[in-house]
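Notes for the one structure printed next.
Remember, it's 1-based here, ligands and their atoms both numbered in the order they're listed. Heavy-atom basis, side chains included; hydrogens, waters and symmetry copies ignored.
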Amino acid sequence: MSMRPRATIHLGNIVDNWRLFDHTARPGKVGAVLKCDAYGHGAAPVSKALYEAGCRTFFVAYPEEGADLRAALGPNADIFVFQGAVSGHATLVKTKSLTPVLNSLKEIRAWMDLGQGDPFALHVDTGMNRLGVSLGQLSNVRDALGDKRPKLIMSHMASADTPPARQNRAQLEAFKAAKAFFPGVPTSLENTAAHWLDDSFRSDLSRPGIGLYGGGTSPLRADTLKPGLTLEARILQISEVPADQNVGYGATATLSRDSVLATIGLGYGDGFPRSASNSGFVYLGQMHCPVVGRVSMDLITVDVTAVKGLAKVGGLVEVIGTNADLEAQAAAAGTLGYELLTGLSARVERIYQHD
Ligand SMILES: *Cc1c(COP(=O)(O)O)cnc(C)c1O
């Protein structure tokens, strides 16, 4: 029995979540965003499970990630690379038959030279001001393409997790204007949060990431998703500590009553953020047990006074899962599920559950 923290990856839940997106997108299609090692879940096993379920379109950030997916999935998967053809990497994109997402006129010209008619996607920046060509550049883009057309025209939403935000409509209008430059070319607009907006935001290909793993902060639909993983850690020590004692580095917590504390083998070295000091939590059984004191590299201390009968040295507590909600845990640490999941370190043992 390893005493290290462990993440059980629920491939069946990830597939169920993808199917939920797939049903709600029809007649549109749904790809899967697997960048950053499938948000910490493991890109190879996750991509294979989704492929078996019928998913054929995958998105990653870097060409190397795309090459790994190609090795896992074989020749028939459609693999898009967001940072597609940044100079020096286009050769890998080409040899692995990846589809680059082109983000600037420079990349477009370079791909026209190197790609020689190979497919590409065009990313239009509709107001996020992060990546992509602007609307004003689209006529130059069309000129640079000659008689070639993108395989997909895409854009990315900045405020979709705030459904009433005015920026959502503004980006939609800008995307419509961009589409008019390339009639008949398939479109892709929605990330997870935008997928739950109203039907006017539907494109031909939705691109959920965080929702596949059960996360996301949109107030719409988030509760029907299943957790992509369960993170658990072991109880290493149980102590009865009297009132007025301090706990942890810097003595930032002082016990208000006689308490039973459990020391857990989990810390920021595993990706449990130090910003969860005195605010994060674990579940022991159905019981919420707060983190007491600072998170250290390998250890946290939690108050198990209310469930002391359940606490056993060597037993497991849940840190993320059905009880310990991913986004609630992330919010307690002042962050998002995205950062918590992608921050889980290599020390966390990964166990794959296939159903
Ligand atoms: C990461 C990413 C997505 C997925 O976003 P989620 O919020 O995780 O659903 C979609 N499109 C682009 C361009 C991305 O970078």
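Checking Thr252 against Arg294 by side-chain atom types alone, no donor-acceptor pair falls below 3.5 Å. Remark: the Ser218 side chain and the Asp161 side chain contain no N/O donor-acceptor pair separated by less than 3.5 Å. For the residue pair Arg257/Thr305, the side-chain donor-acceptor check at 3.5 Å is satisfied.
Here the protein heavy atom with the shortest distance to atom 9 (O) of ligand 1 is Thr192 OG1, 2.6 Å. The protein heavy atom nearest to atom 5 (O) of ligand 1 is Asn191 CB, 3.4 Å. For atom 11 (N) of ligand 1, the closest non-hydrogen atom of the protein is Arg207 NE, 3.0 Å.
Taking every heavy atom of Pro208 and a limit of under 4.0 angstrom, the matching atoms of ligand 1 come to 9 (O).
Remark: ligand 1 and Gly209 share an N or O pair separated by less than 3.5 Å (distance only, no angle test). In terms of N/O distances under 3.5 Å, ligand 1 is not approached by His123.
Nearest to atom 15 (O) of ligand 1 by heavy-atom distance, out of Glu190, Met157, Lys35, His156, is Lys35. When Tyr39, Tyr338, Phe59, Phe21 are ranked by how near their heavy atoms come to atom 7 (O) of ligand 1, first place goes to Tyr338.
Pairing each heavy atom of Ile238 with each of Val313, the nearest pair is CD1-N, 3.7 Å.
Considering CG of Leu92 and CZ of Arg70, their distance stands at 11.0 Å, rounded to 0.5 Å.
Residue contacts with ligand 1: Gly211 is excluded, as none of its non-hydrogen atoms falls under 4.0 Å.
Between His354 and Tyr352, the two ring planes are tilted [angle within 30° to 60°].
For the pair Arg149 and Phe182, the cation-pi criterion (under 6.0 Å, within 45° of the ring axis) is not fulfilled.
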